[in-house]
Amino acid sequence: MKQEPAEGLIVVCPDGPLLVRGHFEIVTPAGEPVPRQRRTVALCRCGASAIKPYCDGTHKLIKFRTDPAAPADPAPADPGP
Ligand code: FES
């Protein structure tokens, strides 16, 4: 069995949801807990899911694209002059 990270880990899926793993809590703006059934969840970022905040796969139907694509290994910030 794959071990979960001690703290929440967010994986940015190209053209898809945000996968959240580890120990975390999802709450409403008022601080009320949002029920979840799984330890790893996919959060919608296309805005078209019928079960927000969770992804229901609709991003594939609407051909959601993250453009420009999120860098897999972003370059370090420029420290400036
Ligand atoms: S990201 Fe999957 S339905 Fe929105």
Side-chain angles (χ1 to χ4, degrees):
M1 185 164 118
K2 191 172 183 178
Q3 189 167 359
E4 289 186 356
E7 296 182 10
L9 175 70
I10 300 174
V11 179
V12 179
C13 298
D15 304 332
L18 302 174
L19 297 181
V20 187
R21 297 186 174 108
H23 298 281
F24 62 90
E25 185 174 9
I26 301 174
V27 298
T28 67
E32 299 291 326
V34 175
R36 63 181 165 120
Q37 310 263 326
R38 300 177 179 178
R39 293 186 302 188
T40 297
V41 299
L43 297 178
C44 176
R45 65 177 172 147
C46 75
S49 174
I51 57 168
K52 293 183 197 85
Y54 303 113
C55 169
D56 66 359
T58 301
H59 61 271
K60 293 178 185 171
L61 296 175
I62 66 169
K63 300 183 181 350
F64 174 67
R65 294 289 176 260
T66 50
D67 199 317
D73 186 18
D78 183 358

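Since the structure is predicted, the reported quantities are computational estimates derived from the model, not experimental observations.
Residues forming a side chain to side chain contact (heavy atoms under 4.5 Å, CB included) with Leu43 (at least two apart in sequence, or on another chain): Leu18, Val20, Ile26, Val41, Pro53, Tyr54. Annotation: salt bridge (charged side-chain N to carboxylate O under 4.0 Å, His left out) contacts of Asp15 (sequence neighbours excluded): Arg65. For Glu25, the side chain to side chain contact (heavy atoms under 4.5 Å, CB included) partners two or more places apart in sequence, or in a different chain, are Val27, Pro33.
To the nearest 0.5 Å, the span separating NZ on Lys60 from SG on Cys55 amounts to 8.0 Å.
Minimum interatomic distance between Thr58 and Ser49 (heavy atoms only, all atoms of both residues): OG1-CA, 4.4 Å. The two residues Arg45 and Gly16 make their nearest non-hydrogen contact at NE-O, 2.6 Å. In terms of heavy-atom proximity, Cys13 sits nearest to Leu19 at SG-CG, 3.6 Å. Considering all non-hydrogen atoms of both residues, Cys44 and Gly47 come closest at SG-N, 3.2 Å.
By the 6.0 Å contact criterion, NZ on Lys52 is enclosed, its count of non-hydrogen atoms from other residues, nucleotides or ligands being greater than 12.
Members clustered with Phe64: Ile62, by chain and number, using a 4.5 Å side-chain heavy-atom cutoff among hydrophobic residues.
For Arg36 (side chain) and Arg38 (main-chain N/O), a donor-acceptor pair under 3.5 Å exists by modelled atom type.
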